[in-house]
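Following: one structure in structure tokens, then a few remarks.
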Amino acid sequence: MSKQFKKVQEDFICEMCGTKVSGNGYTNHCPECLTSKHVDINPGDRACDCHGLMPAVGLDTKNGEFILVQRCQKCGFVRRNKIWENDSQKAIRAIMNNTLPEYIEELKKINNN
């Protein structure tokens with residue numbers, strides 16, 4: 001199976017924190033809480049039946065840049081994603097400080113989720 005990227009531009013409401021997200025075709029996670037949804041086998045194909053939420057569980061580095069590490073709550077699949085410039089610096093710091101769950105709870109209250 002090819003790992004060819006398929007650009008899919010979609011707006012969505014984050015199921016984790018309730019943030020309204022405007023997708024740009026490369027958006028693969030909520031920029032506020034850094035949670036993704038397990039919907040792809042290959043980027044953009046929407047061929048995965050799992051549909052579990054994939055919160056950030058850590059950070060890695062590649063070529064001197066941070067990479068987001070996410071784990072599916074339903075099946076345990078781990079994916080690494082690029083951090084984008086519009087991703088919340090507060091959320092990234094919360095990952096570093098092991099306080100991301102508390103930060104997400106604050107977002108839920110703000111978004112009435």
Side-chain angles (χ1 to χ4, degrees):
M1 182 177 285
S2 169
K3 288 194 174 192
Q4 192 171 17
F5 176 81
K6 181 179 179 184
K7 184 177 177 179
V8 179
Q9 187 168 346
E10 299 171 314
D11 296 340
F12 61 94
I13 295 175
C14 177
E15 291 181 31
M16 180 67 79
C17 73
T19 296
K20 295 177 184 175
V21 179
S22 295
N24 66 8
Y26 301 100
T27 306
N28 59 12
H29 59 267
C30 171
E32 291 301 321
C33 74
L34 309 177
T35 298
S36 185
K37 192 166 182 180
H38 194 186
V39 295
D40 295 339
I41 293 173
N42 295 305
D45 66 11
R46 305 301 186 256
C48 183
D49 292 331
C50 178
H51 294 250
L53 292 180
M54 298 182 68
V57 294
L59 296 170
D60 203 350
T61 57
K62 181 178 179 181
N63 299 325
E65 293 186 16
F66 282 122
I67 300 292
L68 190 61
V69 180
Q70 299 165 307
R71 181 179 296 121
C72 181
Q73 293 177 328
K74 188 173 177 183
C75 74
F77 178 75
V78 174
R79 175 173 288 139
R80 295 165 29 109
N81 277 311
K82 178 180 178 175
I83 292 176
W84 295 92
E85 62 184 41
N86 69 328
D87 285 344
S88 168
Q89 292 301 306
K90 286 183 180 182
I92 293 167
R93 282 192 300 277
I95 294 169
M96 292 176 179
N97 295 327
N98 293 315
T99 58
L100 188 61
E102 293 88 346
Y103 176 73
I104 290 173
E105 287 305 313
E106 289 176 27
L107 287 172
K108 286 179 180 180
K109 289 176 187 173
I110 291 167
N111 294 320
N112 298 313
N113 192 11

Minimum heavy-atom separation for [X] and [Y], please, with both atom names.
X      : Y     : result
Asn86  : Pro31 : O-CB, 3.7 Å
Gly23  : Asp11 : N-OD1, 2.9 Å
Tyr103 : Ala91 : CE2-CB, 3.6 Å
Leu53  : Pro55 : O-CD, 3.4 Å
Cys17  : Glu32 : SG-CB, 4.5 Å
Asn42  : Asp45 : N-OD2, 2.8 Å

When Ile, Leu, Val, Met, Phe, Trp and Tyr are grouped by side-chain heavy atoms lying under 4.5 Å apart, directly or through other members, which residues fall in the same group as [X]?
X     : answer
Ile67 : none
Val39 : none
Ile13 : none

[atom1]/[X] to [atom2]/[Y] distance, rounded to the nearest 0.5 angstrom?
X      : Y      : atom1 : atom2 : result
Leu107 : Ser88  : CG    : OG    : 7.0 Å
Glu15  : Ser36  : CD    : OG    : 10.5 Å
Ile110 : Glu105 : CD1   : CD    : 11.5 Å

So the salt bridge (charged side-chain N to carboxylate O under 4.0 Å, His left out) pairs with at least one residue in residues 90-104 (sequence neighbours excluded) are none

Does Val78 belong to the same Ile/Leu/Val/Met/Phe/Trp/Tyr cluster as Val57, with side-chain heavy atoms less than 4.5 Å apart forming each link?
yes

Same apolar cluster (I L V M F W Y, side chains within < 4.5 Å links), Met96/Ile104
yes

Just wondering, do [Y] and [X] contact through their side chains at under 4.5 Å, heavy atoms?
X     : Y     : answer
Leu68 : Leu59 : yes
Asp40 : Arg46 : yes
Val69 : Ile95 : no

Main chain of Thr99, side chain of Asn97: is a donor-acceptor contact present, judged purely on distance under 3.5 Å?
no

Any donor-acceptor pair under 3.5 Å from Asp87 side chain to Ile83 backbone:
no

Does Phe77 CZ have over 12 foreign heavy atoms under 6.0 Å away?
yes

Partners passing salt bridge (Lys or Arg N to Asp or Glu O under 4.0 Å) against Glu106 (at least two apart in sequence or in another chain)
none

Kindly state each residue pair satisfying side-chain hydrogen bond (donor to acceptor under 3.5 Å, both in side chains) with at least one member in residues 71-84, sequence neighbours excluded.
Asn28-Asn81, Asp60-Arg80, Gln70-Asn81

Can Cys75 and His38 be said to form a side chain to side chain contact (heavy atoms under 4.5 Å, CB included), step by step?
CA-CA 9 Å; Cys75 74; His38 194 186; 3.4 Å; yes

